[in-house]
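Structure record follows, encoded as structure tokens.
Each chain gets a letter, A, B and so on, in the order the sequences are listed, and its residues count up from 1.
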2 protein chains.
Amino acid sequence: MGKCEQCIIKQFNSLKSLTKDELVRISNCKTSHIIKKGTVIFEEGDAVNGVYCVKDGICKLSKLSENGKDQIVKMVVKGQLLGQRSLVSDENSNLQATALNDMEVCFIPKSEIMADLQKNPKFSFDVLKDMAHDLKEADDIIVNMAQKSVRQRLAEALIYIHDSFGVNPDGTLSVLLSREDFANIVGTATESAIRVLSQFKKEGLISTIGKQIKIESLEGLKRIE
Amino acid sequence: MGKCEQCIIKQFNSLKSLTKDELVRISNCKTSHIIKKGTVIFEEGDAVNGVYCVKDGICKLSKLSENGKDQIVKMVVKGQLLGQRSLVSDENSNLQATALNDMEVCFIPKSEIMADLQKNPKFSFDVLKDMAHDLKEADDIIVNMAQKSVRQRLAEALIYIHDSFGVNPDGTLSVLLSREDFANIVGTATESAIRVLSQFKKEGLISTIGKQIKIESLEGLKRIE
DNA sequence: TTTATAATATGATAATTGTCATGTTTTATT
DNA sequence: AATAAAACATGACAATTATCATATTATAAA
């Protein structure tokens, strides 16, 4: 099994602030997992007792609303940590995590990493920075949800996915989402999301190959008011 | 000037985790301020170089949207810290803080408290907990914005303000907000907020005395679907 | 391959919400 | 107290978005 000390992934998240000794200890207690597309990693209400270090793949964090829809709040990709908040609060998760494609993760039990959070100020400061960033992002999402149209929100979602997660060799977005997922990111009905995507296609802003989406005019999408 | 060590307010926020020595030092560099209703404490883009400990009064944290509206993201009341995120990130503020009534605050320069954040793990863990809580709250707001009607959101805002900030002796909400503020919390047009409040009044769920609002049926508001 | 099932697509219509106009009341100012 | 300004309120209408119906494709299963 891979060792945390040598893992390239750790460079991209807070684990980089751990000392070599701490990494060795964690390496010995971590467990590697392959998670299949569609698998629910944890549900709302679950006690998540550890963090997942995402070595490959993508998952969505969502929250079920009373009307039966599953609002996507955040996406976690390769290199990031999943379930950080479980380290800090003893409360159960308020979100559900679902794999969007096949994933490879390392699970680090809370019990092992908690001591580091308490003793290594560099590590805890790093986690703090991460959370501050998430919070800033959440503020932006709130404002967008409250003040922008479905058309604008969907355009921004496409831009966000493009810029943050990149594209395949053929130019299509590397994160493959269903139309329903798009609707759940934007917070609208699936039909509305589909309609707006069709509209974007007609306007030449995007093109589609099956469910794959290719952005044809980033500038055009940015101009949408 | 009051001393931090003896300040009752500190019990309600992360400062309680500081040692007596740390509090004495902070006490010597903090500055007390009276902030008048309507004053902008800091703006979007400002470098906030410290935290405000709110001893009295309430302020709103908002973010200007392109359509000219000012979405309220959070409210900070007596006992809480304002500007915590400035400690963690070097970026400028993404939010504007505005006093909703006359406030009394202590300003603690970032330079003085940063060392404590780095050295006192209990303190940093407390800040971490606070942020995790804010993040959880932000998730809920996102879901509400995305999935609920203006009517539902306004009902929930009233319940939230009632439960979190309490009522005056006559039963009216102790936080006095304009109709525009309500609209900016809920993320709707001022006219829409006014209309829904009028509707609630007709239905006997609330009553009003001038711009003061009194909740007549908390149960009724909770039942709104 | 055939068949079943799910995902995508689009039209028709209803419900919600925003915008503009306008009037009333409250609050602040002279 | 008189006046101006702001906040509140409501109607009329337009724009946006949701819902339901119904095709049409993709995808998975037999």
Side-chain angles (χ1 to χ4, degrees), chain A residues 36-38 65-71 98 100-102 144-158 172-173 176-203 206-214 224-225, chain B residues 36-38 65-71 98 100-102 144-158 172-173 176-203 206-214 224-225:
Chain A
K36 284 219 171 140
K37 177 179 173 176
S65 129
E66 285 141 33
N67 60 14
K69 284 199 184 139
D70 193 49
Q71 180 65 37
T98 314
L100 284 171
N101 47 32
D102 290 351
N144 285 347
M145 288 294 175
Q147 308 285 359
K148 295 187 177 171
S149 67
V150 168
R151 191 174 151 82
Q152 283 175 301
R153 280 180 274 154
L154 191 42
E156 289 184 17
L158 288 170
T172 57
L173 297 178
L176 182 59
L177 296 170
S178 68
R179 302 297 192 251
E180 191 182 2
D181 283 329
F182 276 109
N184 291 341
I185 290 171
V186 166
T188 190
T190 306
E191 295 94 322
S192 298
I194 290 174
R195 244 181 273 271
V196 174
L197 284 175
S198 301
Q199 192 60 35
F200 285 168
K201 204 170 153 183
K202 265 185 203 147
E203 297 170 30
I206 63 169
S207 61
T208 59
I209 309 163
K211 63 197 297 188
Q212 302 256 16
I213 291 175
K214 182 175 174 182
I224 288 177
E225 286 286 310
Chain B
K36 284 216 172 142
K37 178 179 170 173
S65 129
E66 285 141 33
N67 61 13
K69 286 200 181 138
D70 192 50
Q71 180 66 38
T98 314
L100 284 171
N101 47 33
D102 290 352
N144 285 348
M145 288 295 176
Q147 308 286 357
K148 294 187 179 172
S149 67
V150 168
R151 190 175 152 83
Q152 283 175 300
R153 280 180 275 155
L154 191 41
E156 289 183 16
L158 289 169
T172 58
L173 296 178
L176 183 59
L177 296 170
S178 68
R179 302 295 192 251
E180 192 183 359
D181 283 329
F182 276 110
N184 290 342
I185 291 171
V186 166
T188 191
T190 306
E191 296 94 323
S192 297
I194 290 173
R195 243 181 273 272
V196 175
L197 285 174
S198 300
Q199 191 60 34
F200 285 168
K201 204 170 154 182
K202 265 186 203 147
E203 296 170 30
I206 63 170
S207 61
T208 59
I209 309 162
K211 64 195 297 189
Q212 302 257 15
I213 292 174
K214 183 173 173 183
I224 287 176
E225 288 285 312

| Do A:Asn101 side-chain atoms and A:Leu176 backbone N/O form a donor-acceptor pair below 3.5 Å? |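 Answer holds: no.
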Expected list for residues 177-190 of chain A: side-chain donor-acceptor pairs under 3.5 angstrom, two or more places apart:
from: A:Ser178; atom 1: OG; to: A:Glu180; atom 2: N; distance (Å): 3.4
from: A:Ser178; atom 1: OG; to: A:Asp181; atom 2: N; distance (Å): 3.0
from: A:Ser178; atom 1: OG; to: A:Asp181; atom 2: OD2; distance (Å): 3.3
from: A:Arg179; atom 1: NH1; to: A:Lys211; atom 2: O; distance (Å): 3.3
from: A:Asp181; atom 1: OD1; to: A:Lys60; atom 2: NZ; distance (Å): 3.1
from: A:Asp181; atom 1: OD2; to: A:Ser178; atom 2: N; distance (Å): 3.4
from: A:Asn184; atom 1: ND2; to: A:Asp70; atom 2: O; distance (Å): 3.4
from: A:Asn184; atom 1: ND2; to: A:Glu180; atom 2: O; distance (Å): 3.4

Check side chain to side chain donor-acceptor pair (under 3.5 Å) between [X] and all other residues, then give those that pass, not counting sequence neighbours.
{"X": "B:Thr172", "result": "B:Asn168, B:Asp170, B:Gln212"}
{"X": "B:Lys148", "result": "A:Glu66, B:Asn144, B:Glu156"}
{"X": "A:Ser207", "result": "A:Glu216"}
{"X": "B:Lys201", "result": "B:Thr208"}

Roughly how far apart are [X] [atom1] and [Y] [atom2], rounded to 0.5 Å?
{"X": "B:Lys214", "Y": "B:Leu173", "atom1": "NZ", "atom2": "CG", "value": "11.0 Å"}
{"X": "B:Ile213", "Y": "B:Leu197", "atom1": "CD1", "atom2": "CG", "value": "5.0 Å"}
{"X": "A:Gln71", "Y": "B:Gln147", "atom1": "CD", "atom2": "CD", "value": "5.0 Å"}

| Do A:Phe200 and A:Leu154 touch side chain to side chain, with heavy atoms closer than 4.5 Å? |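 Yes, side chains in contact.
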| field | Difference in axis direction between the ends of the helix from C:dT1-D:dA30 to C:dT30-D:dA1, five pairs, 10° | value |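 Between the axes fitted at each end of the helix from C:dT1-D:dA30 to C:dT30-D:dA1 lies an angle of 50°.
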| task | With sequence neighbours left out, write down each residue that passes side chain to side chain contact (heavy atoms under 4.5 Å, CB included) with A:Lys202, or none if nothing qualifies. | result |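 With neighbours one apart ignored, the set is empty.
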| field | Residues from residues 177-187 of chain A lying under 4.0 Å of DNA chain D - heavy atoms | value |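 None - not one residue of the stretch has a heavy atom sitting under 4.0 Å from the strand.
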| query | Is there a residue in residues 188-201 of chain A whose heavy atoms reach under 4.0 Å of DNA chain D, and which residues are they? | reply |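 Going residue by residue through residues 188-201 of chain A, the ones with a heavy atom under 4.0 Å of DNA chain D turn out to be A:Thr188, A:Ala189, A:Glu191, A:Ser192, A:Arg195.
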| request: Identify the heavy atoms of B:Ile224 and B:Ala155 that sit nearest to each other, and give their distance. | output: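 Scanning both residues completely, I find the closest heavy atoms to be CD1-CB, 3.9 Å.
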| Segment of DNA chain C, first to last nucleotide, that comes within the 4.0 Å heavy-atom reach of chain A |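 Contact span on the strand: C:dT8 to C:dA12.
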| task | For A:Arg151, check salt bridge (Lys or Arg N to Asp or Glu O under 4.0 Å) against everything at least two apart and list the hits. | result |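 By the salt bridge (Lys or Arg N to Asp or Glu O under 4.0 Å) rule, A:Arg151 matches A:Glu203.
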| query | Want to settle it: does A:Arg151 or A:Lys211 sit nearer the 5' end of DNA chain D, counting the closest nucleotide to each? | reply |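 Residue closer to the 5' terminus by nearest nucleotide: A:Arg151.
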| said: Below 4.0 Å from chain A heavy atoms, what is the first contacting nucleotide of DNA chain D and what is the last? | reply: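 The contacted stretch runs from D:dT17 to D:dC20.
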